[in-house]
Amino acid sequence: MAEISAELSQKLSDAVEKMPPFPKSAQRILELSRDSYSDHSVEPPPAVVERFGANLDEIIVKLGDLSNVIAEAQTFAQTSKEIQT
């Protein structure tokens with residue numbers, strides 16, 4: 001695996017910190033996919049495999065560009081903050 005510069009690493013960390021949290025269902029899919037690369041391989045449920053694929057790479061390709069979803073989530077989060085204040 002190629003190494004990344006400290007500056008790029010910091011930029012990526014900052015971007016991740018600003019991202020909204022995943023819904024529990026998406027987080028579970030990622031956990032299952034990540035587990036499939038470990039020693040204690042776990043297969044995602046058949047419905048997940050059928051809809052998204054069997055591993056993280058397939059899921060990412062199937063989901064495609066999520067920038068619009070992220071923008072909507074950020075708008076929702078901002079609106080929620082404004083309503084609460």
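- Residue pairs meeting the side chain to side chain donor-acceptor pair (under 3.5 Å) criterion with at least one partner in residues 69-79, sequence neighbours excluded, are Q78-E82.
- R51 and K62 make their closest contact through O-CE, 3.0 Å (heavy atoms, listed as atom of the first residue, atom of the second, distance).
- Partners of E50 according to the side-chain contact (heavy atoms from CB on, under 4.5 Å) rule, which considers only residues two or more places apart in sequence or in another chain, do not exist here.
- For V69, the side-chain contact (heavy atoms from CB on, under 4.5 Å) criterion is met by L66, not counting sequence neighbours.
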